[in-house]
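Letters A, B, ... mirror the listed sequences (proteins, then strands); counts begin at 1. Just the heavy atoms: all of them, side chains too, but no hydrogens, waters or symmetry mates, feed the values below.
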Amino acid sequence: MRISRLVTRTLRDDPPEAETASHRLMLRAGLIQQVAAGIYAYLPLAWRSLRKIEQIVREEMDAAGSQELRMPALQPMELWEQSGRAAAFGDNMFSLEDRRGRPLALAPTHEEVVTNIVKGNVQSYRDLPVILYQMQTKFRDEPRPRAGLVRVREFTMKDAYSFDAGDEGLDVSYQAMAQAYRNVFRRCSIPVVMAEADSGAIGGKDSHEFLLPTDTGEDTVITCPSCGYAANAEKAAGVYPDQPVPDPLPLEEVSTPGMKTIASLCEFLGVDEAQTLKAVFYSADGEVVFVTIRGDLEVNEVKLKNALHCNELRLAEDEEVAAAGIVAGSASAIGITKVRRIADSSISNGGNFVVGANKNDTHYRNANYPRDFDADLVTDIALTEPGHRCADCGADLEFTRGVEVGHIFKLGTFFSEALGAYYLDSDGGQQPITMGCYGIGVSRILAAAIEQNHDERGIVFPAPIAPYDVHLVALNMSDEAVAAAATDLYDRLWAAGIEVLFDDRADAAAGVKFNDADLIGLPVRLVVSPRNLRQSAVEVRGRTAEDADMVALDDVVSAVNGLIQPD
RNA sequence: CGGGGUGUAGCGCAGUGGCUAGCGCGCCACGUUCGGGACGUGGAGGUCGGUGGUUCGAAUCCACUCACCCCGACCA
C-alpha cells in the first residue's frame, strides 16, 4: 500500500478526549474513527490488524477441535423470552421491531441461537462433543462506553460454545478452550492473568477471565503472590481480619446525637469500625432488602445479587428506605421484620457490636447475632479489599487493574433445559446437553495489544498482528533514482510475500515520514534515500532497535525476513 | 441514571452584546527545499450543535433540547 493513497491521516498531537494509551494512539495513527459514543469505524490499517487477530484466533480454535460457523446478529426477541434473558439483559439489549411490529434484538451474545442449532443437529451422545464458534458483531447498549475500543457498544467477538455429555466432557472442552486462549494471547503479545470470575446471573460452575494487567484497566484483579491464586474483585474470596468473639454483654441503648455515618459514630463512641455492624439498603428487582455487614467491610454487590437471585440490584433510594419504615443512619436488623434481611457472615466474626436502634440519634451497644436480631439469609457477601489475605495460603493479596480480553464459562444445562436441547445417553435416557461458552473480544485485543506494546513515539505492533510487516520510507521521491529504487524494492518485497506500507509521498519532509513510521509502529522500517543509494544500500531498522543496519539493496528481502520471522 | 465538562473551518483552539467571526495545523496552486514534524507567494474552506426567546443588533444573554468526553453507578 502506498501512503499517498491510504485513507488515513495521522495526527500531530494527542487527541484531547483520549485518556488511555491505546485510545490515544489508535486515533493519532489513524486506525479508528468514532461514529458515535462507543461506535467506531475501523480504518484500513486497523482492519488489516483485526483480520490478522481473527486469523490467529481461528487457527487456535480450529486446532482445539472447534468448528467455525456464522449465526445472525438479528434475532427474534421471542428466543430471549424463552431463555428468560430478555429481562437479565434489560436495557443493555438493542431491540427493534420489524415492519409487522414483531420484536427483534441485535444480539449481545448467541447462546440461545447456538443451542437451537445444536438441538436440531445432535440427538445422541455419539454426536458429542461439539464445539462451535464464530466471528460476529455483538451489540450491547453499554451505559458508559469508554477508552476507545475497550468498552464499546458494537464490537467484534469470537464466541464459542461447547456441548458435552456430562460434566467430565465439559471439563475437557473447558481446558482445551483455556489453552487455546493462552495461545492466542501469547501470539498477540498480551501477557494475561487467568483469574477466577463470577459466573453471572446464569449460574454455572466455573468461570475465568483473561485480563491484561494495566493501570488503565476497568476491572480489578486480585492475585496472591505466594500461591498464584487469581480472581477478579467480584469473585475473590479473601480473608478479612478476625475480630475476637467476646462474652456477650447485655444490650444497652446509647444516645448518639447527629451520628449518621459509621466513621462519625466510631469517633463519637471511641470504637473501631470492626466493632460495629452497618446497615445497607438495596432495591432488588424493586423490593427493598436490608443488608447487614460488619462496619469495616463493604458489600460485594455481585455476591449479593447472586444470593438474591435477582436481575436488577441497586442501592435503594431514600424514599424507598423511608417507605419501608427504616430509620436511615440509625438502622439495624433488631426488630426488623417487614423487609427481607440479608447478613454477611462477618456478623458472627466479633461481637458486642454497636448497631443502630431504629430511632433517630440512638444506637445500641453489645448487639449479638442471633441473640438480638435475626436474618433471612446469612452468607458471604463481603468485598475483598486491600489488607485482606489469601484464603488459600494466608499471604497478603495484591490488587491490580486489568482489561478483560477473554472470558470462559461453564454454563451447565441452563440453556439446554430452557430451550430443550437433549441427547440420548447410552442407556437410552434423555439428558440435557452440558454447555460451556467462551468469548474473546477481537477488537479489544487490538486495544489491549497496543496498551501493552507502545512507547513514547507510538505503537510497537507485535509482528503477528501488525497491519503490514514493513514501513518503507523513501526520502526525496523527486529524486528519480530514489523513486526507482524504492518502487523496485516495494515490488520485490511483495513478491517475496512481505507486506509493505510504502511512504511514497513526494511532499512530506523526512521528519514527518519518520514520525509517522514510529507512530504507526510496524515491526521494520526501511529507508531509501539519496545518501543510502550512494552506497547501494538501504537502512533497515526494527521498531525498537537502537541502531539501524545498512544492507545492500540485493540483500534487503532476506534481512527483512530475518527480522519478522525470528523463530 | 447521578456529578463534572465541552460543542465555532477537516483537526486543535481563540473570540462574553456591535462593522465582513479569527489563529495554528492541514488542504489547493506555483516556486524553492529534501535524513527527525521546511520556506515564500497566492487561494479555497463556517447552518458558530439544534429550536425558541430577549434585543435596533446574538457565536456572545435566557429557556428548552441534542450530541460527545471524564468520574461514579452499570458492565456474562
Side-chain angles (χ1 to χ4, degrees), chain A residues 9-20 23 27-28 30 33-39 83 85 88-93 108-111 138 140-148 150-153 155 157 159 161 197-204 206-209 216 218-219 232-235 282-283 301-302 305-306 311-315 317 403-404 406-411 414-415 435-439 441 444 457-458 473-479 482-483 503 505-519 525 527-534 539 541 548:
Chain A
R9 176 180 301 281
T10 57
L11 304 178
R12 184 184 288 248
D13 299 309
D14 284 336
E17 73 273 18
E19 304 277 325
T20 62
H23 189 198
L27 287 171
R28 267 195 73 194
Q33 192 168 311
Q34 186 175 32
V35 173
I39 303 176
S83 68
R85 289 210 299 174
F89 271 98
D91 286 341
N92 263 25
M93 187 140 61
T109 173
H110 282 72
E111 282 83 1
K138 306 292 191 203
R140 296 183 185 180
D141 197 358
E142 297 286 351
R144 185 154 96 82
R146 60 178 291 275
V150 169
R151 181 161 293 279
V152 287
R153 299 193 293 168
F155 60 101
M157 180 188 246
D159 46 322
Y161 306 90
D198 182 74
S199 50
I202 300 315
D206 295 336
S207 174
H208 288 86
E209 281 180 359
T216 57
E218 52 181 358
D219 299 316
N232 70 17
E234 291 77 38
K235 174 72 177 179
Y282 285 92
S283 163
E301 295 187 2
V302 172
K305 196 170 170 180
N306 291 342
N311 282 324
E312 196 213 331
L313 182 75
R314 57 175 171 78
L315 284 168
E317 306 286 343
V403 173
E404 178 188 357
H407 202 154
I408 61 179
F409 296 83
K410 289 185 181 175
L411 293 173
F414 177 90
F415 289 98
M435 292 174 55
C437 73
Y438 315 90
R444 198 182 270 181
R457 293 183 162 279
V473 176
L475 295 184
N476 201 344
M477 277 295 282
S478 56
D479 182 321
V482 168
D503 194 341
R505 289 175 292 181
D507 51 353
V512 170
K513 294 188 173 193
F514 289 142
N515 282 315
D516 278 351
D518 290 339
L519 179 59
R525 189 185 80 185
V527 180
V528 175
S529 71
R531 199 173 81 186
N532 295 343
L533 282 184
R534 284 195 285 277
E539 183 183 306
R541 179 177 189 170

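Within 4.0 Å of A/Arg151, counting heavy atoms only, lies at least one base atom of the nucleic acid. As judged by a 4.0 angstrom heavy-atom cut-off over every strand, A/Glu234 is placed among residues making no nucleic acid contact. Note on A/Pro16: only backbone sugar-phosphate atoms sit closer than 4.0 angstrom, heavy atoms only; bases stay farther off. Looking at heavy-atom distances under 4.0 Å, A/Ala147 makes contact with sugar-phosphate atoms alone, never a base. Using a 4.0 Å heavy-atom criterion, one finds that A/Glu19 contacts the sugar-phosphate atoms exclusively.
In this structure, the separation between OH on A/Tyr438 and NE2 on A/His208 is 12.0 Å, given to the nearest 0.5 Å.
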| note | Each nucleotide of nucleotides 32-37 of chain B classed B (base within 4.0 Å of a protein heavy atom), S (only sugar-phosphate) or -, in 5' to 3' order, makes --BBBB
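Between B/A9 and B/G46, the two C1' atoms lie 5 Å apart (nearest whole Å). The separation of B/G50 from B/A59, taken at their C1' atoms, amounts to 14 Å, rounded to a whole angstrom. Rounded to whole Å, the C1' atom of B/U55 lies 9 Å from the corresponding atom of B/G17. The same atom, P, is picked in B/G42 and in B/C25; the two are 15 Å apart, to the nearest Å. Here the separation of B/G72 from B/A58, taken at their P atoms, is 43 Å to the nearest Å. The same atom, C1', is picked in B/C13 and in B/C48; the two are 14 Å apart, to the nearest Å. With P as the reference atom, B/C19 and B/G31 are 41 Å apart, rounded to whole Å. The gap from the C1' atom of B/G49 to that of B/G7 amounts to 6 Å, rounded to the nearest Å.
Judged as a side chain to side chain contact (heavy atoms under 4.5 Å, CB included), and not counting sequence neighbours, the contacts of A/Arg140 are A/Pro108, A/Thr109, A/Glu142, A/Phe155, A/Met157. Checked against side chain to side chain contact (heavy atoms under 4.5 Å, CB included), A/Glu218 has the following partners two or more places apart in sequence or in another chain: A/Arg146, A/Val150, A/Arg151, A/Arg444. Looking at residues two or more places apart in sequence or on another chain, you find a side chain to side chain contact (heavy atoms under 4.5 Å, CB included) between A/Ala483 and A/Met477. For the side chain to side chain contact (heavy atoms under 4.5 Å, CB included) test, residues two or more places apart in sequence or in another chain that qualify with A/Pro530 are A/Asn476, A/Asp479, A/Val482, A/Arg534.
A salt bridge is absent between A/Lys235 and A/Glu209: the closest approach of a Lys/Arg side-chain nitrogen to an acidic carboxylate oxygen does not fall below 4.0 angstrom. A salt bridge between A/Asp516 and A/Arg505 is present, with a side-chain N of the basic residue lying under 4.0 Å from a carboxylate O of the acidic one.
Picking from B/C69, B/C74, B/A76 the nucleotide with the shortest atom distance to the side chain of A/Leu411 gives B/A76. Nearest nucleotide to the side chain of A/Arg146, out of B/C74, B/C68, B/C70: B/C70. When each of B/C68, B/A76, B/A73 is scored by its nearest atom to the side-chain atoms of A/Arg144, the top-ranked nucleotide is B/A73.
Taking a pair to require two hydrogen-bonding distances under 3.5 Å in either a Watson-Crick or a G-U wobble arrangement, B/C27 pairs with B/G43.
A donor-acceptor pair is defined here as one N or O able to donate and one able to accept, closer than 3.5 Å; no such pair exists between the side chain of A/Asp141 and the backbone of A/Arg153.
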With 3.5 Å as the limit, what N/O pairs link the protein to nucleotides 41-44 of chain B?
none

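Both A/Pro145 and A/Glu218 lie near RNA chain B, and the one whose nearest nucleotide falls closer to the 5' end is A/Pro145.
Contact annotation: A/Gln34 side-chain N/O to B/C69 OP1/OP2 distance is under 4.0 Å.
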